[in-house]
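What follows is a short report on a single structure.
Each chain gets a letter, A, B and so on, in the order its sequence line appears, and its residues count up from 1.
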There are 2 protein chains.
Amino acid sequence: MSRFINHNNAIPKYFQLASILKSQIDEGEWKPRQLIPSERQLELQYKVSRPTVRQAIEYLEKQGYLYREHGRGTFVSPQKLQKKMLELTSFSEDLLRKGIQPNQIIRSICHVVPPEKILKRLELPPESRILRIERIRLGNDVSIGLQTSYVVLGDDQQIDEDDLTHYGSLYRVLEEKLNIIPTEADETLEVTLATPEEATLLQVKAGAPLLLNKRLTYDQNRKPVEFVKILYRGDRYQYVIRLTR
Amino acid sequence: MSRFINHNNAIPKYFQLASILKSQIDEGEWKPRQLIPSERQLELQYKVSRPTVRQAIEYLEKQGYLYREHGRGTFVSPQKLQKKMLELTSFSEDLLRKGIQPNQIIRSICHVVPPEKILKRLELPPESRILRIERIRLGNDVSIGLQTSYVVLGDDQQIDEDDLTHYGSLYRVLEEKLNIIPTEADETLEVTLATPEEATLLQVKAGAPLLLNKRLTYDQNRKPVEFVKILYRGDRYQYVIRLTR
DNA sequence: AATAATAACTGGTAATGACCACATGACAAC
DNA sequence: GTTGTCATGTGGTCATTACCAGTTATTATT
């Protein structure tokens with residue numbers, strides 16, 4: 001990481017500065033709760049204007065790396081809060097962060113007419129045919145969850161089994177192949193009991209408690225892109241989130 | 001809502017402008033996905049500078065009222081996303097939003113030495129005595145959850161049963177009496193089975209599936225303030241969250 | 001009629017300068 | 001010693017100006 005701002009660079013200065021500050025935190029030069037240089041000092045040090053400094057700090061503040069106190073200064077957030085604030089993660093990202101190797105078995109991938117309730121939530125007219133993907137999710141080669149995704153695609157867009165195995169996760173297919181960025185989601189979590197069929201697929205007894213997770217995901221233009229229902233084995237999965245306000 | 005900016009006002013202009021724009025959305029003058037006036041137009045209309053306009057729009061964007069598209073304009077978010085982005089809510093707020101009347105039975109409120117694991121997460125030295133509150137949570141007078149809170153207080157701060165019944169929620173006591181603002185939290189959700197004792201308190205059979213929710217909450221200065229463990233009846237509770245990135 | 005260049009929008013980044021509000025420590029007055 | 005005042009440093013707000021970078025409709029060209 002260069003510790004200077006490149007003034008003739010396509011990368012915005014505020015972003016360059018944010019990267020520099022972030023690296024000071026990541027590499028431990030600045031300790032948690034430590035006061036960092038004031039906005040005026042950074043302005044002089046990196047030869048950028050104060051709005052640029054403030055934009056960089058705001059960016060890192062939003063990500064949970066720094067916090068400000070009016071009249072006192074800007075401080076490094078304690079380690080626990082230094083993880084990125086990315087709330088919306090895919091199943092694969094989730095597991096990778098916990099150090100578990102994600103994997104999947106694709107049970108089916110085809111176009112169907114989903115239940116009307118789901119079409120309504122996806123803001124589609126009745127009887128619409130959309131893509132349904134049924135997968136068994138594995139962590140370290142042990143079955144963890146049963147996932148059914150309904151994905152809304154344009155006429156010129158499509159996803160096949162190769163895409164999923166190649167990219168490894170639906171979110172990566174959406175982002176890298178189709179340029180759809182999931183940015184927001186409404187999610188519910190509740191407890192249910194396994195039906196006989198679910199029990200077989202998850203290798204538990206019928207009636208075993210499961211964690212039921214439903215999520216409606218929106219893209220960068222606030223259009224619904226995915227409705228997903230995941231049944232987790234209650235004994236093998238813990239759901240982790242970071243809340244803010 | 002005045003539709004003008006008051007230039008000699010303690011309230012920041014960007015905030016005044018944000019309130020005006022928000023009211024146009026709330027009152028339905030601007031429909032979802034509708035293009036709103038450009039930054040330059042708003043600048044002229046309200047006689048403020050562009051940075052101020054941008055700050056107001058950024059503020060509403062963060063709250064999910066507006067979204068921007070480079071080169072196209074700024075748009076009203078669809079209704080589903082117009083709710084506030086408040087992620088961190090108390091149990092009482094949660095239920096109220098669903099139209100359920102929250103209530104509680106306080107089982108105990110006293111100072112104890114909690115398990116070492118919890119002290120560690122609260123960043124306290126071993127053997128520290130802190131406040132523990134055990135409550136049964138009710139919705140429409142039916143038992144829903146079993147809650148154990150550990151609260152970190154300063155030497156000059158205290159909470160008693162009257163505070164809880166008076167304010168109705170621990171978060172309100174923290175905010176309004178002690179000026180501690182919960183701003184961030186790490187949370188986990190998993191499935192467990194009721195122990196005989198838990199079963200009795202929640203009026204379910206022993207071994208019934210429960211939703212176990214643990215949360216570590218931080219205040220405005222990123223200091224841990226509360227560790228809470230809530231056991232929800234699996235058949236009566238659904239956990240709802242809004243995710244963003 | 002189809003295509004390509006262009007002009008006129010949009011939001012995004014950046015510099016400069018000014019003043020306000022809050023926190024804190026030094027210091028004078030009591 | 002205690003208290004209050006004040007200077008100074010912090011982040012917070014705001015105006016002005018300029019140019020860059022995407023998007024879109026228009027216009028000229030073919």
Side-chain angles (χ1 to χ4, degrees), chain A residues 4-21 30 33-62 65-77 179 181 183 219-223, chain B residues 4-21 30 33-62 65-77 179 181 183 219-223:
Chain A
F4 299 98
I5 302 283
N6 181 344
H7 287 257
N8 332 317
N9 195 325
I11 301 172
K13 290 188 190 176
Y14 83 90
F15 193 84
Q16 293 185 49
L17 178 54
S19 303
I20 293 173
L21 300 181
W30 288 345
R33 297 206 187 283
Q34 183 179 328
L35 181 69
I36 77 166
S38 74
E39 298 178 355
R40 272 91 172 173
Q41 285 171 349
L42 292 172
E43 187 181 344
L44 291 174
Q45 185 175 349
Y46 292 101
K47 305 269 185 292
V48 293
S49 69
R50 197 166 156 228
T52 304
V53 172
R54 284 182 60 77
Q55 206 177 349
I57 292 177
E58 268 161 36
Y59 181 76
L60 290 177
E61 193 185 13
K62 244 196 298 192
Y65 282 93
L66 298 173
Y67 63 96
R68 303 202 253 207
E69 290 186 34
H70 191 173
R72 303 221 314 127
T74 303
F75 304 86
V76 178
S77 290
N179 206 28
I181 319 284
T183 47
D219 72 4
Q220 66 268 43
N221 301 127
R222 305 323 196 251
K223 293 199 192 101
Chain B
F4 300 97
I5 303 282
N6 181 345
H7 288 256
N8 337 313
N9 195 325
I11 300 172
K13 290 188 192 176
Y14 84 89
F15 192 85
Q16 293 185 49
L17 178 55
S19 303
I20 293 173
L21 300 181
W30 289 344
R33 299 210 187 282
Q34 181 178 331
L35 181 69
I36 77 166
S38 74
E39 297 178 355
R40 272 90 173 174
Q41 286 172 347
L42 292 171
E43 188 181 344
L44 292 174
Q45 185 176 349
Y46 292 101
K47 304 268 185 294
V48 294
S49 70
R50 195 162 157 231
T52 305
V53 173
R54 284 182 61 78
Q55 204 175 351
I57 292 177
E58 269 161 35
Y59 181 76
L60 290 177
E61 192 184 13
K62 245 195 301 194
Y65 283 93
L66 298 174
Y67 63 97
R68 301 202 253 207
E69 291 187 35
H70 190 173
R72 305 221 313 126
T74 303
F75 305 83
V76 177
S77 290
N179 206 28
I181 320 284
T183 48
D219 71 3
Q220 65 268 45
N221 301 127
R222 308 315 198 258
K223 293 198 192 102

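With contacts defined as side-chain heavy-atom distances shorter than 4.5 Å, the pair A/Y46/A/V53 does not qualify.
Taking atom CZ of residue A/F75 and atom P of nucleotide C/dC22, one finds them 17 Å apart after rounding to whole Å. For the pair A/R68 CZ and C/dA21 C1', the interatomic distance rounds to 15 Å; values are reported in whole Å. Distance, B/H70 NE2 to C/dG11 C1': 5 Å, rounded to whole Å.
Scanning both residues, B/F4 and B/Q16, for their nearest heavy atoms gives O-OE1, 4.2 Å. Considering every non-hydrogen atom in both A/Y67 and A/E69, the closest pair reads CE1-OE2, 3.4 Å. When every heavy atom of A/A56 is checked against every heavy atom of A/A18, the shortest pair comes out as CB-N, 3.9 Å.
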Subject >> A/E43 vs A/E39, side-chain contact (heavy atoms from CB on, under 4.5 Å): CA-CA, chis, key distance, verdict >> reply: CA-CA 6 Å; A/E43 187 181 344; A/E39 298 178 355; 5.9 Å; no
Original post:
Would B/N6 and B/I11 satisfy side-chain contact (heavy atoms from CB on, under 4.5 Å), going step by step from the backbone distance to the final call?
Top reply: CA-CA 9 Å; B/N6 181 345; B/I11 300 172; over 6 Å; no
**OP:** Could you check A/L35 against A/T74 for side-chain contact (heavy atoms from CB on, under 4.5 Å), going step by step and ending with a plain yes or no?
**Re:** CA-CA 6 Å; A/L35 181 69; A/T74 303; 5.8 Å; no
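Contact footprint of chain A on DNA chain D: nucleotides with an atom under 4.0 Å from a non-hydrogen protein atom, first to last in 5' to 3' order, D/dG9 to D/dT13.
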**OP:** Go along nucleotides 13-19 of chain C 5' to 3' and tag each nucleotide: B for a protein heavy atom under 4.0 Å from its base, S when only backbone or sugar atoms are that close, - otherwise.
**Re:** BSBB-BB
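In terms of position along DNA chain D, the nucleotide closest to A/S38 lies nearer the 5' end than the nucleotide closest to the other residue of the pair A/S38 and B/G71.
Under the rule for a ring-ring contact (aromatic ring centres under 6.0 Å, His included), the partners of B/Y59 that lie at least two apart in sequence or sit in another chain are B/F15.
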